[in-house]
A.B. asks: 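Please read through the structure below; I'll follow up with questions.
Counting starts at 1 for both ligands and their atoms, following the listed order. Keep in mind that what you see is a predicted model, and the values were worked out from it rather than measured.
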Amino acid sequence: MPTLWTRTLIPTSREAPADAEVPSHQLLMRAGMIHRLGSGIYNYLPLGLRALHKVMQIIREEMNDAGAVETLLSALQPIELWHRSGRRNDYGDVLFVVTDQHGREQALGPTHEEAVTETIGALVNSYRDLPVTLYQIQTKFRDEYRPRFGILRSREFQMKDAYSFDIDHEGLDRSYAAMYEAYCRIFQRCGVPFVVVEAESGEMGGSRSQQFTVPAPTGEDVIFASDHGYSANLEKCATGPRDSDLGGEPTGEWAAIDTPECRSIADLCQGWKRFAGSKLKPANVLKTLIYRRPDGHDDGVAPWAMVVVRGDHEANAEKVRQACGPGLKLAEDAEARTAGFPIGFVGPHAILGREDTDLYIDADAARGGFWVAGGNRDHVHVQHFNWHRDVLAPAGLADDAATLIHDLRNAIDGDPAPDGGTLKASRGIEVGQVFKLGTKYSRALDIEVMDDKNQRVAPIMGCYGIGVNRILAASIESDHGHDDDGIIWPATIAPYSFLITALKYEGNVQAAADTLGRDLEAAGYDVLVDDRDERPGVKFKDADLIGIPVRITVGARALSDGNVEIKARHGGQVQTVALDVAASAAVALLKSIGVATTAGT
Ligand code: ATP
Ligand code: MG
């Protein structure tokens with residue numbers, strides 16, 4: 001039976017809630033698809049759930065086709081697993097932890113690497129049982145610092161997560177490729193435009209990662225594409241060679257300047273006129289950051305690392321780790337101060353006379369010209385800082401200058417790309433990510449299987465995530481995902497394929513609408529019938545708002561000539577068709593809409 005509007009729950013509204021900043025949040029609320037229960041907590045109402053189920057169905061079909069098998073792991077996880085993997089701390093406050101009645105802590109899974117590794121470890125003993133890729137579609141919990149944008153970043157959400165276990169790296173490559181290709185098919189079938197960019201795998205402990213991103217101006221992610229083909233997200237994006245020169249001449253006499261009440265480089269630049277009588281731009285400030293190497297680091301390596309980037313640039317955590325060594329953390333204020341670094345006012349010359357600190361300079365900071373740097377005393381900066389005169393010569397580093405220079409900052413629009421092209425920045429929404437994990441989790445949780453030589457080996461893992469609800473929101477945020485009137489669903493994930501708008505649901509209009517609905521259902525489509533006692537204007541407005549791909553209007557006047565009207569939600573003209581061919585005409589129209597193609601890979 002087609003769904004009758006009056007028998008379901010579609011609480012549409014004209015007004016969006018005040019906290020809804022982006023179109024998907026506004027429209028999903030206005031279309032009565034979701035309902036907010038608390039900060040970052042959403043209910044899925046009947047329309048929202050139907051769309052969610054369509055995405056899940058596409059995911060299931062493609063996962064099964066790619067040879068993955070469905071499971072359901074518990075959302076509640078013993079906290080010990082997180083201690084053993086070392087992620088209890090790394091995940092920090094994002095991990096929801098509940099205490100049971102016996103006082104024991106449990107985690108509400110934000111992801112399932114630990115749980116799946118433990119499970120495979122308990123159940124699989126031999127290489128003969130591998131490879132295996134398990135997947136699940138399940139509720140995840142993350143205590144996001146800033147839940148926002150409705151279901152784009154909520155605290156409870158649906159994720160499809162998959163985990164592959166292989167005996168060797170060739171196996172991992174095959175499992176990863178199978179998931180990569182399944183992901184491309186999933187996003188294509190969901191009708192969302194997407195790009196695939198290189199992503200950082202460091203935080204997950206692996207060797208390669210790619211991120212599936214839906215281009216959208218409202219996206220939180222910054223991605224880069226080179227005109228020569230390279231593409232990566234902000235965390236990962238490398239830059240090509242940048243000019244640098246640590247031998248430049250001084251621009252003037254070194255001078256200490258009192259700079260009271262400067263908490264940031266912006267404060268410093270704003271106050272500089274007062275402090276020094278001239279203008280100062282962030283690009284002329286050296287930002288000196290102090291990192292601490294992990295305890296028990298190799299003998300012979302200094303415990304502190306000093307990283308210098310230009311004041312208008314951001315240090316990139318993973319690039320810093322790659323240049324300076326693993327496990328490195330930005331030093332806490334207190335520990336750095338105890339060690340003699342007055343955080344907020346450190347300048348590169350703090351390195352002089354210290355055997356315990358290594359120096360790393362980003363290429364754009366490693367230049368001649370006018371520099372202001374920290375004065376190594378609270379509330380003091382220096383101007384006319386010069387690399388050669390003030391650091392390299394006195395530290396005896398002049399001959400090693402080239403070895404101090406690295407790529408340490410986030411890429412920016414217009415940077416040289418590593419492939420020789422130029423990087424262009426744009427925004428997008430991360431909808432999925434695939435990782436080659438290697439043995440990080442199998443080793444941490446100490447699981448092994450027998451290989452074909454009877455040796456015990458740690459299985460090699462991959463992990464693969466998709467944000468199921470986020471696909472719905474990303475579709476709306478993407479190009480052609482909405483217009484001023486409402487949502488425009490791709491045919492494949494729309495809550496219903498057809499909306500039959502009965503202008504007055506009675507008599508022969510009702511009979512025609514019912515017959516048409518049943519014919520379309522018999523042909524395999526889902527149908528919503530607007531049977532409300534509302535004015536046509538209200539019905540048409542709501543039809544546009546909820547975004548069903550094809551609307552069929554049944555009204556007494558057209559029907560008296562044996563006709564109904566059909567119209568595609570997006571860019572369609574109203575067509576008058578005879579009632580007896582209306583079902584097939586509507587199906588043909590639906591099929592002609594098609595789905596968006598890949599925006600590029
Ligand atoms: P983000 O960087 O956006 O916080 P993430 O990289 O931490 O995401 P993953 O651990 O890779 O997320 O999770 C897999 C997928 O789950 C993501 O690609 C994303 O689509 C989805 N996802 C992650 N966090 C949320 C959230 N808070 N709300 C909705 N979907 C989410
Ligand atoms: Mg991710």
Side-chain angles (χ1 to χ4, degrees), residues 22 24-25 28 34 36 38-42 44 48 52 55-56 59 63 75 82 85 87 90-96 107-116 135-163 179-180 183 186-187 190 192 194-206 208-216 218-223 232-236 317-318 427-437 440-441 462-478:
V22 294
S24 61
H25 189 188
L28 285 165
I34 59 170
R36 180 181 182 278
S39 166
I41 308 176
Y42 288 89
Y44 284 77
L52 203 61
V55 174
M56 289 176 178
I59 291 175
M63 283 289 124
W82 289 81
S85 72
R87 285 210 293 184
D90 292 356
Y91 236 84
D93 295 336
V94 174
L95 191 68
F96 266 111
L108 290 174
T111 176
H112 275 68
E113 282 78 15
E114 284 80 0
V116 76
Y135 81 93
Q136 59 177 346
I137 296 177
Q138 191 209 34
T139 304
K140 296 283 191 270
F141 300 88
R142 292 188 183 184
D143 197 357
E144 298 279 359
Y145 177 67
R146 203 169 161 209
R148 58 183 188 152
F149 301 155
I151 59 168
L152 273 173
R153 186 173 296 286
S154 51
R155 300 200 296 165
E156 183 195 291
F157 60 97
Q158 300 296 312
M159 193 196 289
K160 187 290 299 174
D161 45 331
Y163 306 89
M179 286 298 109
Y180 178 93
Y183 273 40
I186 287 167
F187 296 120
C190 286
V192 289
F194 66 99
V195 293
V196 190
V197 300
E198 294 296 319
E200 196 43 67
S201 59
E203 92 255 25
M204 295 291 278
R208 183 166 192 203
S209 176
Q210 286 162 292
Q211 182 183 308
F212 291 74
T213 309
V214 173
T218 48
E220 288 185 283
D221 275 44
V222 176
I223 54 173
N233 68 6
L234 182 73
E235 289 74 37
K236 175 76 178 177
E318 197 47 41
R427 292 198 157 266
I429 298 166
E430 174 190 335
V431 286
Q433 192 164 3
V434 291
F435 290 89
K436 288 186 183 177
L437 285 177
K440 171 171 171 170
Y441 294 94
C463 75
Y464 318 92
I466 289 183
V468 182
N469 343 45
R470 221 185 242 188
I471 292 179
L472 298 183
S475 168
I476 297 174
E477 298 292 340
S478 70

A.B. asks: Strictly under 6.0 Å, is that where the ring centroids of Y180 and F212 end up?
C.D. replies: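 Yes, the ring centres sit under 6.0 Å apart.
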A.B. asks: For the Mg ion (ligand 2), decide whether Q433 has an N, O or S atom at a distance under 2.8 Å.
C.D. replies: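 True for Q433.
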A.B. asks: Are E114 and S85 close enough that a side-chain donor and a side-chain acceptor fall under 3.5 Å?
C.D. replies: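 Distance-only check passes for E114 and S85.
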A.B. asks: Please list, in number order, the atoms of ligand 1 under 4.0 Å from a heavy atom of G432.
C.D. replies: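 Answer for ligand 1: 18 (O).
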A.B. asks: So for ligand 1, is F157 a polar contact partner (N or O within less than 3.5 Å, distance only)?
C.D. replies: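 No, since none of the N or O atoms of F157 sits under 3.5 Å from an N or O of ligand 1.
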A.B. asks: How about V468 and M56: do any of their side-chain heavy atoms sit closer than 4.5 Å?
C.D. replies: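 V468 vs M56: side chains touch.
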A.B. asks: Pull out every atom of ligand 1 sitting under 4.0 Å from any heavy atom of S154, numbered as shown with elements.
C.D. replies: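 Answer, ordered by atom number: 26 (C), 27 (N), 28 (N).
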A.B. asks: Counting only heavy atoms, which portion of E430 has something under 4.0 Å from ligand 1: side chain, backbone, both, or neither?
C.D. replies: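 Contact part for E430 vs ligand 1: both backbone and side chain.
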A.B. asks: Quick one: do the E200 and S209 side chains pair a donor with an acceptor below 3.5 Å?
C.D. replies: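 Result is no, nothing qualifies.
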A.B. asks: Find all atoms of ligand 1 within a distance of less than 4.0 Å from any non-hydrogen atom belonging to R153, and give their numbers and elements.
C.D. replies: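 Every atom of ligand 1 under 4.0 Å from some heavy atom of R153: 1 (P), 3 (O), 4 (O), 26 (C), 27 (N), 28 (N).
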A.B. asks: Determine, step by step, whether Y163 and E113 satisfy the side-chain contact (heavy atoms from CB on, under 4.5 Å) criterion, reporting the C-alpha distance in whole Å, the side-chain angles of both residues, the deciding distance to 0.1 Å, and the verdict.
C.D. replies: CA-CA 8 Å; Y163 306 89; E113 282 78 15; 3.6 Å; yes
A.B. asks: R470 to ligand 1: N or O pair under 3.5 Å?
C.D. replies: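 Indeed, backbone or side chain, R470 has an N or O that close.
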A.B. asks: Using ring pair (Phe, Tyr, Trp, His ring centres under 6.0 Å), reason through F435 and Y464 one step at a time and then give a plain yes or no.
C.D. replies: CA-CA 6 Å; F435 290 89; Y464 318 92; 8.6 Å; no
A.B. asks: My understanding is that we take every heavy atom of each candidate and find the minimum distance to atom 10 (O) of ligand 1. Doing that for Q433, R142, M159, which one comes out nearest?
C.D. replies: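 Result: the heavy atom closest to atom 10 (O) of ligand 1 is in R142.
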A.B. asks: For the Mg ion (ligand 2), what is the closest N, O or S atom on E430?
C.D. replies: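 The closest N, O or S atom of E430 to the Mg ion (ligand 2) is OE2.
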A.B. asks: With the side chain counted from C-beta on, respond yes when P147 and F157 share a heavy-atom pair under 4.5 Å apart, and no when they do not.
C.D. replies: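 The answer is no, as the side chains (C-beta and beyond) never meet within the 4.5 Å cut-off.
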A.B. asks: Can a side-chain donor-acceptor contact be found between Q211 and D221 if the only test is distance below 3.5 angstrom?
C.D. replies: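 A donor-acceptor contact under 3.5 Å links the two side chains.
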A.B. asks: So, does V431 sit close enough to ligand 1 that a heavy atom of it is under 4.0 Å from the ligand?
C.D. replies: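 In this structure, V431 qualifies as a contact of ligand 1 - some heavy atom is under 4.0 Å.
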A.B. asks: Considering the heavy atoms of E144, write down every atom of ligand 1 situated less than 4.0 Å from one of them.
C.D. replies: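 Checking each atom against E144, I get 24 (N), 26 (C), 27 (N).
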A.B. asks: Does L152 reach ligand 1, in the sense of a heavy atom lying below 4.0 Å from it?
C.D. replies: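 Checking ligand 1 against L152, which is what was asked, there is a heavy-atom contact under 4.0 Å.
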